[in-house]
Amino acid sequence: MDSIFGFEFLELQKDLNLKGFEKFRAGQIFKWIYCKKVNDFTKMTDISTNDRIKLGQIYDTSLLYDFTELVSKIDNTKKYLFRIDSKNFIESVFMVENKRVTVCLSSQTGCSLGCKFCATGKESGRDLTVDEIVRQFLTIFYNNPQRITNIVFMGMGEPLLNLQNLLPAIKIINSDKGINIGARKITVSTAGIIKGIEQLIKFPLQIKLAVSLNSAIQEKREKLMPVSKTNNIYDLKKILKDYQKIKNKRITFEYIILPGINDGKEDVEALFDYLKDIDCKLNIIPYNKTVEDFREPTEKEIKQFYERLSKFKNAVSIRKSKGKDINGACGQLRGKFIIS
Ligand code: SAH
Ligand code: SF4
């Protein structure tokens, strides 16, 4: 049985037609499942009883029912650990900050890029399918009364290595026939996959791009993020400038503070030099301890790094660590549940 959540609007119209239904059923179904939070055909009262029964036999409407929800006592951030098949778990996060309600989603069940500081990078996983990405979002949407305003793909995995499923999922979430979250409210974070950025440039929706930089010194970055060996910071910068020119969009850079490793004076100078001619925003993320080789920065170290950056002409914002008590950083929670 095909999951209903794998279809873009026009695809669903076509599929319904092929299966003998009228095309306008697609609009009704999208409204029920994506606007009214009803994923049970028998309750779709504007569809004939006969069609409701038939639809239920053809399409699977199940969300991700097997999950654990952890709520942070500090800031009410919720972390979800979803089981998506017999072997694989993924994590997602739900955060409320004033009027902004953000969901952080995963794109893969692990990550093949093996960044040294990252829990997800310990194991390469598999790509999430279109419907798994959509169902991940929808399960959180159905389980929380707030209107979700923003989506970030900063959970497990490298979204740019799964563009074939990520982009259709984004189109479904963005569709004005359904959830209608604006493309400008959707951010995709990458470790800097140049081929993927080229593809994003061609993608018609104006989604936002975030790049996990973590060092603007090539040799150092290669050690922290091996992907940089084949996607070096110079080529990366070139493609980011193209992206900016074509999309006319400000790029966000993310930089984890790893004390004693990437927060010295020479690191800040290299960072300043790298970013000086790009219209960008810089998010500083205090490292959240996941692996033994690194330690978390102290408040003093965070402040000192921020002060070193203060001459920056671009906006520099410090991202607060959310849900620290429930293992806020990506891939951490899953690690605790995997036994074999
Ligand atoms: N693969 C993509 C998206 C997922 S990782 C990427 O790397 O951008 C999302 C973010 O979490 C990245 O910016 C990464 O640098 C950060 N991150 C990973 N492990 C972390 C940790 N232990 N503490 C803080 N941030 C972490
Ligand atoms: Fe993969 Fe991103 Fe983790 Fe690096 S930081 S291992 S790219 S998920």
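Whatever order the structure lists them in is the order used to number ligands and atoms, beginning at 1. Owing to the predicted nature of the structure, the values given are computational and were not obtained by experimental measurement.
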**Prompt:** Given side chains that start at C-beta, do those of Thr252 and Cys280 come closer than 4.5 Å, heavy atoms only?
**Reply:** no
**Item:** Enumerated ligand 1 atoms positioned under 4.0 Å from heavy atoms of Thr190
**Value:** 6 (C), 8 (O)
**Item:** contact_flag Ala191 ligand 1 heavy-atom lt 4.0 Å
**Value:** yes
**Complete:** Ser3 meets the side-chain hydrogen bond (donor to acceptor under 3.5 Å, both in side chains) criterion, sequence neighbours left out, with none
**Message:** Show the atoms of ligand 1 that are less than 4.0 angstrom away from any heavy atom in Gly157.
**Reply:** 1 (N), 2 (C), 3 (C), 4 (C)
**Message:** Tell me whether Pro286 has any N or O atom under 3.5 angstrom from an N or O of ligand 1.
**Reply:** no
**Request:** Would you kindly say whether Asp75 and Ser72 are connected by a side-chain donor-acceptor distance under 3.5 Å?
**Result:** yes
**Derivation of the ring pair (Phe, Tyr, Trp, His ring centres under 6.0 Å) call for Phe30 and Phe9** = CA-CA 8 Å; Phe30 255 57; Phe9 184 71; 5.2 Å; yes
**Message:** Does ligand 1 come near enough to Tyr287 that some N or O of the ligand is less than 3.5 Å from an N or O of the residue?
**Reply:** no
**Message:** Do Leu55 and Ile4 make a side-chain contact, defined as non-hydrogen atoms from C-beta onward lying under 4.5 Å apart?
**Reply:** no
**Request:** Would you mind telling me if ligand 1 is within reach of the side chain of Glu158, the backbone, both or neither, using heavy atoms under 4.0 Å?
**Result:** both
**Asked** For Gly121, is the nearest heavy atom under 4.0 Å from an atom of ligand 1?
**Response** no
**Complete:** The atoms of ligand 1 lying under 4.0 Å from a heavy atom of Asn214, numbered in the order shown, are 15 (O)
**Prompt:** Of all heavy-atom pairs between Leu105 and Ile151, which one has the smallest distance, and what is that distance?
**Reply:** CD1-CG2, 3.8 Å
**Asked** For Arg184 and Lys249, which heavy atoms make the closest approach, and how far apart are they?
**Response** CG-NZ, 3.7 Å
**Request:** Find all atoms of ligand 2 within a distance of less than 4.0 Å from any non-hydrogen atom belonging to Cys111, and give their numbers and elements.
**Result:** 1 (Fe), 6 (S), 7 (S), 8 (S)
**Request:** Pull out every atom of ligand 1 sitting under 4.0 Å from any heavy atom of Thr290, numbered as shown with elements.
**Result:** 22 (N)
**Request:** Under 4.0 Å, heavy atoms only, figure out whether ligand 1 is touched by the backbone of Asn288, its side chain, both or neither.
**Result:** both
**Item:** ligand 2 atoms in contact with Ala191 (distance to a heavy atom under 4.0 Å)
**Value:** 7 (S)
**Complete:** Among Gly114, Ser124, Gly157, Ser107, the residue with a heavy atom nearest to atom 2 (Fe) of ligand 2 is Gly157
**Asked** Going through the checks in order, is the side-chain contact (heavy atoms from CB on, under 4.5 Å) test met by Tyr34 and Phe141?
**Response** CA-CA 9 Å; Tyr34 292 121; Phe141 174 62; 5.7 Å; no
**Prompt:** At a 4.0 Å threshold, what atoms of ligand 2 neighbour a non-hydrogen atom of Gly121?
**Reply:** 6 (S)
**Message:** Test of understanding: with ring-ring contact (aromatic ring centres under 6.0 Å, His included), list the residues that count as partners of Tyr255, not counting sequence neighbours.
**Reply:** Phe305
**Message:** Apply salt bridge (charged side-chain N to carboxylate O under 4.0 Å, His left out) to residues Lys241 and Asp277 and explain how you reach the verdict.
**Reply:** CA-CA 9 Å; Lys241 290 191 97 168; Asp277 52 353; 3.2 Å; yes
**Message:** Counting only heavy atoms, tell me which of Ile256, Leu161, Val227 gets closest to atom 14 (C) of ligand 1.
**Reply:** Ile256
